[in-house]
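First the structure, in the form of structure tokens, and then the observations on it.
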Amino acid sequence: MARQHNSHWQRRWRRFKQNRRGYYSLILFSILFALSLSAELLSNDKPFLLSYNGELYTPIIKVYPETVFGGDFATEADYRDPYILNKITRNGNWALFPPNPHSYASINTQLNVPVPSAPTEVNLLGTDDRGRDVLARLIYGFRLSVLFGMALTIIGTMVGIVAGAVQGYFGGKTDLAIQRFIEIWSAMPELYLLIIFAAIFKPSIALLLILLSLFGWMGLSDYVRAEFLKGRNLDYIKAAKALGVGNATIMWRHLLPNGMTPVITFLPFRMSGSILALTSLDFLGLGVPPPTPSLGELLAQGKSNIEAWWLSLSTFVVLVGTLVLLIFIGEALREAFDPRKVKDQD
């Protein structure tokens, strides 16, 4: 049985790889996400490694006061300050910076033009209206959006599976009661609730995740409910009940694996919707608190500064590119799990 199950998944994987657009989108998205996880190594205003007076320092890991490098204050050294940088790099000393020597919150104080400033050799994609590097905020903002989308998708999927499974398996009054609750709950004004809670509580990623999770499970529960309603009357399920197998065991080991097709095929689409929801809330000012890097906040800045085309264009490319990759992956998964497709021949 296990060998047949593994063979079934292998055939689906081969079918997924046959969709070149979706397969290469998965590879590209995985590479971009892996790179964003090491954002501190790609974009940071602190050096990887620093040699000063014969000793090695790792500012990217440990905090050093500027007095260590000949400065005047006991606060953390600003490694982009020309005064401190000059003290560090003279007399044969050196500092190794990341490829983009800016963090998402660091401000370029050496600008001699108004902000937002256009792309230069120092800021490859320009700066925002506070003098922060746009490329750094895009890298960190992309990571935040994907991680938030994954978390919201996982939570919504788990709750949707549980709710749909209980409805479909038990049916009857249980199904009717949950269905009525979903109808009432789905009629709640989600945006108004977000505005109210944003006014009462301090905005945070956790608050957004909780609020959006309260509404993000209902769409998936309908598909899981349909799969369980279809499967609960099959002969092997009736036989398992007759043998005294518990309801939880039947739902987990027999019905759930066969009902995972709509769950898996909808995951990329749900994730893209989660990313878009976070971006929309940030654009409206109801999302993450400053100075958290955010794609929606950059789009809002682009709207307020129409002449600063680099803000809107770069953010638009990152956001649309991410959503397109996820949609291509979702289409490939849908084709791979489509029961109407002819099975691959071994």
Side-chain angles (χ1 to χ4, degrees), residues 33 35-48 50 57-66 69 71 73-85 88 95-148 198 202-209 275 278-279 281-283 285-305 308 310-312 314-315 318-319:
F33 179 57
L35 290 174
S36 72
L37 291 177
S38 58
E40 287 78 8
L41 302 179
L42 296 175
S43 184
N44 207 318
D45 55 2
K46 301 177 182 179
F48 290 122
L50 186 152
Y57 299 88
T58 54
I60 201 171
I61 299 175
K62 188 177 180 181
V63 175
Y64 300 101
E66 67 175 51
F69 310 111
F73 303 102
T75 55
E76 182 179 3
D78 182 1
Y79 300 97
R80 301 307 302 171
D81 185 348
Y83 174 74
I84 298 299
L85 193 59
I88 291 175
L96 180 62
F97 281 89
N100 185 48
H102 304 280
S103 182
Y104 67 88
S106 58
I107 298 175
N108 187 348
T109 58
Q110 306 303 314
L111 290 172
N112 54 8
V113 294
V115 293
S117 60
T120 62
E121 293 182 358
V122 177
N123 301 103
L124 297 179
L125 293 180
T127 65
D128 65 2
D129 58 5
R130 293 170 179 81
R132 299 172 298 194
D133 186 69
V134 173
L135 177 58
R137 294 189 68 79
L138 286 176
I139 294 174
Y140 285 87
F142 171 78
R143 180 176 68 177
L144 175 66
S145 297
V146 174
L147 290 176
F148 181 87
K202 181 179 179 181
S204 65
I205 294 292
L207 178 62
L208 282 178
L209 191 60
I275 293 175
L278 177 64
T279 304
L281 291 174
D282 289 337
F283 180 81
L286 302 174
V288 295
T292 309
S294 163
L295 300 180
E297 189 253 352
L298 281 175
L299 287 176
Q301 287 194 34
K303 172 179 172 291
S304 301
N305 302 275
W310 54 90
L311 290 174
S312 301
S314 57
T315 310
V318 172
L319 179 61

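FYI, the numbering just counts along the sequence from 1. Note that these values count all heavy atoms, side chains included, but never hydrogens, waters or copies made by symmetry.
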Would you compute the distance between atom [atom1] of [X] and atom [atom2] of [Y] and round it to the nearest 0.5 angstrom?
X    : Y    : atom1 : atom2 : answer
Y57  : I88  : OH    : CD1   : 10.0 Å
S314 : L124 : OG    : CG    : 11.5 Å
T127 : I107 : OG1   : CD1   : 10.0 Å
K62  : T58  : NZ    : OG1   : 7.5 Å
L111 : S117 : CG    : OG    : 4.5 Å
S312 : N305 : OG    : CG    : 8.5 Å

(Q) Is any side-chain heavy atom of L147 closer than 4.5 Å to one of I205? (A) no

Q: Please tell me if the side chains of L85 and F97 come closer than 4.5 Å, counting only heavy atoms from C-beta onward.
A: yes

Q) Would D129 and L311 satisfy side chain to side chain contact (heavy atoms under 4.5 Å, CB included), going step by step from the backbone distance to the final call? A) CA-CA 10 Å; D129 58 5; L311 290 174; 5.9 Å; no

Taking [X] for its side chain and [Y] for its backbone only, find out whether a donor-acceptor pair lies under 3.5 Å.
X    : Y    : answer
R137 : A105 : no
D45  : D78  : no
S204 : L207 : yes
S304 : Q301 : no
E66  : F73  : yes
S38  : L35  : yes
S106 : H102 : no
S36  : A39  : no

Q) Within a reach of under 6.0 Å around OH of Y83, are more than 12 heavy atoms found that belong to other residues, nucleotides or ligands? A) yes

**Q.** Option from L299, L298, L138 for which side-chain contact (heavy atoms from CB on, under 4.5 Å) with L319 holds
**A.** L299

Q) Where do L50 and Y79 land on the side chain to side chain contact (heavy atoms under 4.5 Å, CB included) test, with the steps shown first? A) CA-CA 10 Å; L50 186 152; Y79 300 97; 3.9 Å; yes

Q.
When you compare the side chains of S43 and N100, does any donor N or O come within less than 3.5 Å of an acceptor on the partner?
A. yes

Q: Before giving the answer on side chain to side chain contact (heavy atoms under 4.5 Å, CB included), spell out for L295 and D282 the whole-Å C-alpha distance, their side-chain angles and the decisive distance to 0.1 Å.
A: CA-CA 8 Å; L295 300 180; D282 289 337; over 6 Å; no

Q.
Quick one, Y104 with L144, criterion side chain to side chain contact (heavy atoms under 4.5 Å, CB included). Give me CA distance, side-chain angles, the key distance, then yes/no.
A. CA-CA 12 Å; Y104 67 88; L144 175 66; over 6 Å; no

